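These numbers were taken from a predicted model, which means no experiment stands behind them. Numbered from 1 within each chain, the chains take letters A, B, ... in sequence-line order.
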2 protein chains.
Amino acid sequence: MSNLELAVLGQDDPALCCSPMVREPLGEDAAAELARMFKALADPVRLRLLSLIASHEGGEACVCDLTGPFDVSQPTISHHLKVLRDTGLVGSERRGTWVYYWVLPTALAKLSSLLRTPDAAEPAAAGGSE
Amino acid sequence: MSNLELAVLGQDDPALCCSPMVREPLGEDAAAELARMFKALADPVRLRLLSLIASHEGGEACVCDLTGPFDVSQPTISHHLKVLRDTGLVGSERRGTWVYYWVLPTALAKLSSLLRTPDAAEPAAAGGSE
DNA sequence: TGTCTGTATCGACGAACGTCGATACAGACA
DNA sequence: TGTCTGTATCGACGTTCGTCGATACAGACA
């Protein structure tokens with residue numbers, strides 16, 4: 001078990017970035033910005049691209065490694081990578097012939113802490129169910 | 001307590017539950033399922049609805065509390081609530097005249113742990129613009 | 001019973017999205 | 001230089017999405 005990571009995470013400081021959205025109502029601007037980021041995650045190809053890049057050796061992957069596993073065309077992959085990059089979820093760099101992409105972990109961490117629920121175990125004050 | 005809603009979730013697939021997506025590539029099925037959930041979050045109105053419900057007194061809110069803060073029509077609010085409910089993010093129940101909604105924390109927690117990054121210490125470095 | 005209020009559904013419309021083939025651009029190399 | 005490979009952009013197409021007004025449904029109450 002990797003309690004180490006949990007301990008390292010330790011984002012107990014809501015003031016730093018993102019207080020969980022279940023604690024206080026989101027403002028319009030924050031909601032718009034967050035919706036943009038979630039929209040970037042709201043596609044199966046982009047989700048798989050993201051996890052492929054992140055789990056790739058060295059934490060980065062060449063586009064040439066990313067076109068194979070998918071049934072979509074190369075322009076489509078390029079389009080999805082652009083969406084991820086424009087949203088700040090990944091970074092990219094050209095090195096000679098190839099272009100490499102890597103995940104920007106802070107963006108994911110921000111969303112993760114925002115979705116965090118204080119009491120994920122129980123339905124809390126759900127009161128009743130059907 | 002009766003965790004009917006939680007049972008409905010019924011996703012004991014570990015790839016969907018706890019392993020961060022940055023550790024191993026997502027499968028096609030897991031990606032499709034997750035994309036559906038992120039799509040439900042990919043709208044400013046739904047995000048604000050969710051946080052309004054969760055942060056409301058008692059952890060639940062009547063629809064009558066949810067139509068006021070928005071500039072969209074009542075059918076639109078109802079539509080968004082339906083999306084959230086169909087995705088398993090909220091539960092709902094009619095009590096007499098009013099219908100109450102509450103957040104199902106396990107769904108959010110699942111997404112949160114999925115976005116967790118092992119090496120992202122503080123989200124503040126992300127350019128924390130908002 | 002009839003009526004009123006709160007919520008959901010229906011049907012339609014414009015905008016945004018995912019995808020493609022064609023093509024342009026960038027770097028490597030002969 | 002010219003050519004080849006890897007990646008990005010363009011323009012177009014069909015689908016999905018968010019929104020609305022109109023309307024149907026459910027419960028409360030006179």
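- Here the straight-line distance linking atom CZ of B:Arg116 with atom CZ of B:Arg23 works out to 8.5 Å at 0.5 Å rounding.
- Each of A:Arg94 and A:Thr76 has a nearest nucleotide on DNA chain C; the 5'-most of these lies closest to A:Thr76.
- Across the protein-nucleic acid pair, A:Gln74 atom CD and C:dT19 atom P stand 14 Å apart, rounded to whole Å.
- Nearest-nucleotide assignment on DNA chain C puts the 5′-proximal partner with A:His80, out of A:Arg95 and A:His80.
- Once you apply a 4.0 Å limit to the heavy atoms of chain B, the touched nucleotides of DNA chain D run 5' to 3' over D:dC17 to D:dA28.
- Rounded to an integer number of Å, the gap from A:Arg36 CZ to C:dA16 P is 13 Å.
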Report, one line per pair, each donor and acceptor closer than 3.5 Å where one atom sits in a side chain of residues 50-71 of chain A; sequence neighbours left out.
{"residue": "A:Ser51", "atom": "OG", "partner": "A:Arg48", "partner atom": "O", "Å": "3.4"}
{"residue": "A:Ser51", "atom": "OG", "partner": "B:Leu26", "partner atom": "N", "Å": "2.8"}
{"residue": "A:Ser55", "atom": "OG", "partner": "A:Ser51", "partner atom": "O", "Å": "2.5"}
{"residue": "A:His56", "atom": "ND1", "partner": "A:Glu60", "partner atom": "O", "Å": "2.9"}
{"residue": "A:Glu60", "atom": "OE1", "partner": "A:Arg95", "partner atom": "NH2", "Å": "3.0"}
{"residue": "A:Glu60", "atom": "OE2", "partner": "A:Arg95", "partner atom": "NH1", "Å": "3.0"}
{"residue": "A:Glu60", "atom": "OE2", "partner": "A:Arg95", "partner atom": "NH2", "Å": "3.3"}
{"residue": "A:Asp65", "atom": "OD2", "partner": "A:Cys62", "partner atom": "N", "Å": "3.4"}

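- The shortest non-hydrogen separation linking A:Leu89 to A:Ala107 is CD2-CB, 3.8 Å.
- Under the side chain to side chain donor-acceptor pair (under 3.5 Å) criterion, A:Ser92 pairs with A:Arg85, sequence neighbours left out.
- Residues satisfying the side chain to side chain contact (heavy atoms under 4.5 Å, CB included) test with A:Ser73, not counting sequence neighbours, are A:Pro75, A:Thr76.
- Looking at heavy-atom distances under 4.0 Å, A:Tyr101 makes contact with sugar-phosphate atoms alone, never a base.
- Closest non-hydrogen pair, A:Ser112 versus B:Leu115, comes out as CB-CB, 3.8 Å.
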**Request:** Kindly express the pairing pattern of DNA chain C in dot-bracket notation, using | wherever a base pairs with another strand and counting only Watson-Crick or G-U pairs under 3.5 Å.
**Result:** ||||||||||||||||||||||||||||||
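- Taking OG1 of B:Thr87 as the reference point, atom CZ of B:Phe38 lies at 12.5 Å (rounded to 0.5 Å).
- Sorted by residue number, the members of residues 52-73 of chain A with any non-hydrogen atom under 4.0 Å from DNA chain D read A:Cys62, A:Val63, A:Cys64.
- Residue-environment remark: CH2 (B:Trp98) stays at or below the threshold of 12 foreign heavy atoms within 6.0 Å.
- Within 4.0 Å (heavy atoms only), A:Arg46 reaches sugar-phosphate atoms of the nucleic acid but no base atom.
- Within the model, atoms CZ of B:Arg46 and CG of B:Leu81 stand 10.5 Å from one another, a figure rounded to the nearest 0.5 Å.
- Interatomic distance, CG of A:Leu114 versus CG of B:Leu108, reported as 9.5 Å (0.5 Å rounding).
- Between the CG atom in B:Leu47 and the CD atom in A:Glu28 there is a gap of 12.5 Å [rounded to 0.5 Å].
- Within the 4.0 angstrom heavy-atom criterion, only backbone atoms of the sugar-phosphate kind lie near B:Thr97; the bases stay farther away.
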